[in-house]
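Letters go in sequence order (proteins before strands), and every chain restarts at 1.
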Number of protein chains: 2
Amino acid sequence: MTDRPPPDRPHDRPIATLPRLGEIGLTNYAPYLMNRIMGRYNASLRTEMAELGLTTPKMRALAVLSVIDGPLIRELSVYIVAEQSTLSRALDQLAAEGLIHRETDPGDSRATRVFITDAGRATFETLWPRMAEAQARMFRGITDDERRAFVGTLQKMLANIRKHEI
Amino acid sequence: MTDRPPPDRPHDRPIATLPRLGEIGLTNYAPYLMNRIMGRYNASLRTEMAELGLTTPKMRALAVLSVIDGPLIRELSVYIVAEQSTLSRALDQLAAEGLIHRETDPGDSRATRVFITDAGRATFETLWPRMAEAQARMFRGITDDERRAFVGTLQKMLANIRKHEI
DNA sequence: CAGGGATATTTGCAAATGCATTTAAATCTG
DNA sequence: CAGATTTAAATGCATTTGCAAATATCCCTG
C-alpha cells in the first residue's frame, strides 16, 4: 500500500518530459486533493440534506438563490455546476415543494428567472449551520491569514478555468 | 443578478450569530469555490474520458492504481471518493476491458486486491497529459510559492476531514 | 471450537444524471 | 420581412449512482 518508485525514464526521452502522476505523488496533485476534500464535504452533508428532501443540486440551487436574486436557469446551472437538464428537473421538484418559483423573463419569453420563496429560505437556513460547521472543520488549525491566502488562490483559479462570463 | 444586501439582523439575536452565506459572499465560501473549480476540471476531462470509454470513477481508479499497487477495494474507494458499490461496478467494467485485474487477498479470502494491467497503464498514460494540462491551466499566473502554500493547505484540510485512516 | 457479530464485496432497485433531441422564441441575413 | 440560425428550457432515454440487503468469510468470546 505504498507509492511505487518512479519508473525509469527511457533513454530516448528528453529530460523535460511531463512528470508522471507517480512522480508528483497523489498528495501533491491539487485536483486529487480537492476532489477528495469536496467528496468528504459533500458526503458529510448528504444525511442532513436527505432529511430535508434535498439532493446536491437542489441544495446548491437554494444556496445560490439565497444570495443571488432571479437568475436565469442557464446562469444558475453555471453557479451550481450542473447540466441544465439536471437543474431543470431539480427546479421542478423545488417548485413542487414550494421552495422556489419560476417566472418567464419579461423581456425574453424563452427565458425563465428563478426566485427563492420564504419557505425555500427557511429550508436553507436549516441547512446552513451544518454547511458552516463542515467548512469550519475543514479549516481547523489553519490561521486566518492562511485561509485568506487559500481563498485568494481559489478565486484566481476560478477566474482561470471559467468558461462562462459568470 | 447581484448579491443582495445582507438582511437586517433581528434585535433579539446576539451579535455573534453565525454569519449568513450572503454575508460571507459566495466567492468567499471555500467549498463553493472548490466545487465549482472541480466541476469545471472534471467536465473538461469528460470528453477525453468518453473517447477512452472511461467514467470519472473508472478514470480515478486507473489514476490511483498507477501509483498504488494492489489496494483493497474498500481502500481504493476511499482514494477515489466513491461508494464501494459504485467502485465494484466500475471495476467490473475495467476488468472486462482488461485494464485491471482483481485477485483474492491471500490472507483473507473475503478481500480483493486490485492491480492495474499494462493496458490500463497505457490507457492512463493517454489521459494523463490532459489531466496535467487541466491542472496547469488552473494554476496559470500563480507562482510556485503560492501553489506550494495552496497544496500545503489542502493537505492540512484533507487531514482534518479524513474519516478513514488512509 | 461453536455461535454471534463484524468485515469485504456484490447485487437489486429506485432515483439521479448526462447526452441528445425537441419545442419555443429571439435574432440575424439576404 | 421570410427563412435560416441561434438561444433557452424541457423532455426521452440509457447509463450511473447510492442506499439497503444479500452473500461470504473472518474474528472474538465463552
Side-chain angles (χ1 to χ4, degrees), chain A residues 1 35 39-40 42-61 70-97 100-115 164-166, chain B residues 1 35 39-40 42-51 53-61 70-97 100-114 164-166:
Chain A
M1 198 39 133
N35 265 323
R40 272 262 134 268
N42 290 324
S44 75
L45 291 177
R46 225 189 302 272
T47 308
E48 186 88 352
M49 291 189 331
E51 284 166 16
L52 293 167
L54 297 175
T55 58
T56 299
K58 286 169 76 179
M59 176 272 280
R60 287 188 192 167
L72 298 177
I73 291 179
R74 199 190 50 77
E75 291 170 338
L76 187 56
S77 77
V78 174
Y79 285 109
I80 75 173
V81 199
E83 287 290 315
Q84 196 242 341
S85 58
T86 301
L87 177 57
S88 178
R89 281 181 262 245
L91 293 176
D92 288 345
Q93 292 185 22
L94 288 170
E97 294 156 11
I100 59 128
H101 67 99
R102 284 176 280 198
E103 281 176 26
T104 301
D105 185 277
D108 184 343
S109 50
R110 291 171 305 182
T112 305
R113 295 196 172 275
V114 189
F115 301 86
H164 304 86
E165 286 313 309
I166 297 177
Chain B
M1 200 38 135
N35 265 322
R40 272 263 135 267
N42 291 323
S44 75
L45 290 176
R46 226 189 302 272
T47 308
E48 185 88 353
M49 289 188 334
E51 284 167 16
L54 297 175
T55 59
T56 298
K58 285 169 77 178
M59 177 272 279
R60 287 189 191 166
L72 298 178
I73 289 179
R74 203 191 57 75
E75 291 170 338
L76 187 54
S77 78
V78 174
Y79 285 109
I80 75 172
V81 199
E83 290 288 318
Q84 292 89 336
S85 59
T86 301
L87 178 58
S88 178
R89 281 181 263 247
L91 293 176
D92 287 346
Q93 292 184 23
L94 288 170
E97 293 157 11
I100 60 126
H101 67 100
R102 286 178 279 200
E103 280 177 26
T104 300
D105 185 278
D108 183 345
S109 51
R110 293 170 303 179
T112 305
R113 296 196 172 274
V114 188
H164 304 85
E165 287 314 310
I166 298 179

Taking [Y]'s backbone N and O only, do any of them form a donor-acceptor pair with [X]'s side chain (distance below 3.5 Å, no angle check)?
{"X": "B:Glu75", "Y": "B:Leu72", "answer": "yes"}
{"X": "B:Ser88", "Y": "B:Ser85", "answer": "no"}
{"X": "A:Glu48", "Y": "A:Leu45", "answer": "no"}
{"X": "B:Arg60", "Y": "B:Ile80", "answer": "yes"}

Once you round it to whole Å, what is the distance between [atom2] of [N] and [atom1] of [X]?
{"X": "B:Met59", "N": "D:dT17", "atom1": "CE", "atom2": "C1'", "answer": "16 Å"}
{"X": "B:Leu54", "N": "D:dT15", "atom1": "CG", "atom2": "C1'", "answer": "15 Å"}
{"X": "A:Asn42", "N": "D:dG18", "atom1": "CG", "atom2": "C1'", "answer": "14 Å"}
{"X": "B:Asp105", "N": "D:dC26", "atom1": "CG", "atom2": "P", "answer": "10 Å"}

Can you confirm whether [X] sits close enough to [Y] that some side-chain heavy atom of one is under 4.5 Å from a side-chain heavy atom of the other?
{"X": "A:Val114", "Y": "A:His101", "value": "no"}
{"X": "A:Val81", "Y": "B:Arg40", "value": "no"}
{"X": "B:Leu91", "Y": "B:Arg102", "value": "yes"}
{"X": "B:Thr112", "Y": "B:Asp105", "value": "no"}
{"X": "A:Thr55", "Y": "A:Met49", "value": "no"}

Taking five pairs at each end, how big is the angle between the two axes of the helix from C:dC1-D:dG30 to C:dG30-D:dC1, to 10°? 30°
Presence of salt bridge, A:Asp92 and A:Lys58, under 4.0 angstrom: no
Can you tell me how far CD1 of B:Ile100 sits from CZ of B:Arg113, rounded to the nearest 0.5 angstrom? 14.0 Å
Please check the phosphate of C:dA15 (OP1 and OP2 only) for any side-chain N or O of A:Thr55 closer than 4.0 Å. no
Counting only heavy atoms and a strict 4.0 angstrom limit, can you tell me which residues of residues 43-53 of chain A come near DNA chain D? A:Arg46
Output one letter per nucleotide in nucleotides 8-13 of chain D: B when a protein non-hydrogen atom lies under 4.0 Å from the base, S when only the sugar-phosphate is that close, - when neither is. SBBBBB
Note: for A:Lys58 and A:Ser109 on DNA chain C, the residue whose nearest nucleotide lies more 5' is A:Lys58
